[in-house]
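Here the structure comes first, spelled out in structure tokens, and everything after it is commentary.
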There are 2 protein chains.
Amino acid sequence: MTSGLSQLLEAAPPRYRTATEYVEATLREAILSGAIAPGTPLRQEELATTFKVSRMPIREALRQLEAQALVDFEPHRGAVVVQITLLDAMDNYAIRAALEPQALRLSIPHLGEEDFTIAEEILAEIDQETDPGRMGELNRRFHMTLYAQAGLPRLIALTEQHLASADRYLRFHLAAIGDMGQDEHRDMLAACRAGDEARALDALARHHGRASTAMRAFFEAREAPRG
Amino acid sequence: MTSGLSQLLEAAPPRYRTATEYVEATLREAILSGAIAPGTPLRQEELATTFKVSRMPIREALRQLEAQALVDFEPHRGAVVVQITLLDAMDNYAIRAALEPQALRLSIPHLGEEDFTIAEEILAEIDQETDPGRMGELNRRFHMTLYAQAGLPRLIALTEQHLASADRYLRFHLAAIGDMGQDEHRDMLAACRAGDEARALDALARHHGRASTAMRAFFEAREAPRG
DNA sequence: TGCCTGTCGATTGGATCCAATCTAACAATT
DNA sequence: AATTGTTAGATTGGATCCAATCGACAGGCA
């Protein structure tokens with residue numbers, strides 16, 4: 001049959017099926033990575049020329065980004081890249097601190113050796129990585145590998161979405177605590193391997209707690225450097 | 001000054017500022033209430049004539065509903081109202097079981113007597129209500145009243161969104177357990193009043209747990225009535 | 001009969017055009 | 001001088017038009 005061909009098609013699917021998909025994915029990546037600064041107004045005409053499409057796919061993409069809380073939309077005034085504030089960061093942490101333990105808890109019983117191997121490889125990659133952007137990507141993949149067996153697609157997608165949003169705070173995170181929390185990562189992985197749910201959840205909670213308090217201290221020091 | 005005027009404007013804002021807003025809000029309500037059945041294909045031309053607008057606001061609205069996971073969008077094939085399945089319901093419960101305790105926990109310390117009074121009134125209304133649609137609305141308002149003081153807008157919005165999604169399962173919920181869990185509601189409210197976080201969270205967990213297991217049993221009985 | 005192929009209507013995706021709204025600068029009035 | 005009114009340009013919202021894709025059905029071929 002065509003199993004060889006279908007493998008090829010799996011490996012190289014047509015990149016985007018519609019212009020809207022293309023614009024949406026590219027814009028989201030640009031916002032999350034910080035390539036477009038928070039507060040930047042997104043002019044439809046301007047985006048249309050840079051993407052070499054009409055304003056229509058731009059408009060549809062912006063609508064979807066609005067629903068994902070990546071841009072603010074005001075009628076007749078256009079879209080603006082959402083700001084990064086302490087409140088936003090705390091909001092994101094609170095949401096992840098709720099979703100991630102749930103995903104991990106449901107996933108742990110179904111994790112297998114293949115998952116642990118992949119997670120281990122990602123941890124090793126993180127150790128050697130220096131580029132902040134790639135580190136965010138690797139961090140996300142590590143976490144999602146451990147959550148992937150939860151079996152609830154919406155929970156997983158929602159968790160991944162908010163983990164991706166956290167990339168926006170990555171620069172601040174690194175400035176605040178300097179590392180990606182590899183100690184907690186390793187502890188979490190070891191606990192998962194041992195099937196020790198309580199310990200894994202504890203490691204994850206420490207992970208969130210440490211990052212969240214560090215971030216808060218960092219922002220508050222920034223906002224009132226001399227009081 | 002104009003404090004009287006601004007109160008008036010608060011009370012009666014222009015209903016919708018754009019056609020897209022209007023279509024989106026109306027369609028969402030229709031989907032959540034079940035007025036449009038799961039699996040229904042949403043033809044753009046058809047919707048355009050019923051809403052008396054062109055296809056353009058329809059398209060933008062459908063994009064936003066897709067990002068909210070209320071319709072499935074397939075390129076060149078259009079939008080379909082998402083199905084109601086056991087997996088979907090479990091997914092929704094898992095997400096709410098993660099988000100709601102977090103919101104409640106953060107909100108409890110800032111709840112005041114006004115909030116308790118409002119919550120109490122809503123509970124009384126639920127007791128007398130028979131219309132399932134209104135009961136979903138009231139249930140949502142009760143929960144959100146207790147979560148509202150969490151101080152994190154995104155967490156609150158996300159929680160409310162998934163609480164609203166649960167309205168889609170309301171018929172099944174009522175068929176499965178017959179009531180809205182008023183006992184747990186009352187226990188939760190009393191615990192909040194007493195500032196007893198642990199007891200409030202416990203009541204909420206029982207609320208979710210009971211609903212979730214009942215729903216699972218109900219679906220499984222439906223899917224394999226004679227095996 | 002069963003399967004492939006081509007064609008046509010229906011539907012969506014994208015481009016272009018027009019109308020409505022916002023912003024800012026400037027003029028006019030007190 | 002400060003506030004209000006006006007007007008022009010920029011920008012978004014909405015409508016219409018054309019192109020691309022999908023699905024079903026009919027016809028040809030083994």
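Naming convention: chains lettered A, B, ... in sequence-line order (proteins, then strands); numbering from 1 in each chain.
Ring planes of His185(B) and His143(B): perpendicular class, angle over 60° (limits at 30 and 60°).
Residue Ile58(B) is out of contact with every strand shown, counting any heavy-atom pair closer than 4.0 Å. Counting non-hydrogen atoms under 4.0 angstrom, Arg43(B) reaches the backbone sugars and phosphates but no base. At the heavy-atom level, Leu62(B) lies nowhere under 4.0 Å from the strands shown.
Contact between Asp88(B) and Gln83(B) at its shortest, heavy atoms only, is OD2-O, 2.8 Å. The shortest heavy-atom contact between Leu87(A) and Gly151(B) is CD1-O, 3.6 Å.
The side-chain contact (heavy atoms from CB on, under 4.5 Å) with Leu152(A) is formed by just one residue from the set Leu158(A), Thr159(A), Leu106(A); it is Leu106(A).
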If you restrict it to nitrogen or oxygen atoms, what contacts under 3.5 Å exist between nucleotides 23-25 of chain D and the protein, and what is each distance?
unit_1  : atom_1 : unit_2   : atom_2 : d
dG23(D) : OP1    : Arg77(B) : NE     : 2.8
dG23(D) : OP1    : Arg77(B) : NH2    : 3.4

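Judged purely by atom type and a 3.5 angstrom limit, Asn92(A) uses its side chain to pair as donor or acceptor with the backbone of His162(A). With hydrogens and angles ignored, the 3.5 Å screen pairs no side-chain donor or acceptor of Ser212(A) with any backbone N or O of Tyr93(A).
For DNA chain C, the contact window with chain A, defined by any atom under 4.0 Å from a protein heavy atom, covers dG13(C) to dT23(C) in 5' to 3' order.
Take the nearest nucleotide of DNA chain D for Arg55(B) and for Glu60(B): the residue whose nucleotide is more 5' is Glu60(B). Take the nearest nucleotide of DNA chain C for Ala79(B) and for Pro75(A): the residue whose nucleotide is more 5' is Ala79(B).
Of the N and O atoms on the side chains of Gln68(A) and Gln161(A), not one donor lies less than 3.5 Å from an acceptor on the other residue.
Applying the salt bridge (Lys or Arg N to Asp or Glu O under 4.0 Å) criterion to Arg216(B), with sequence neighbours excluded, gives Glu220(B).
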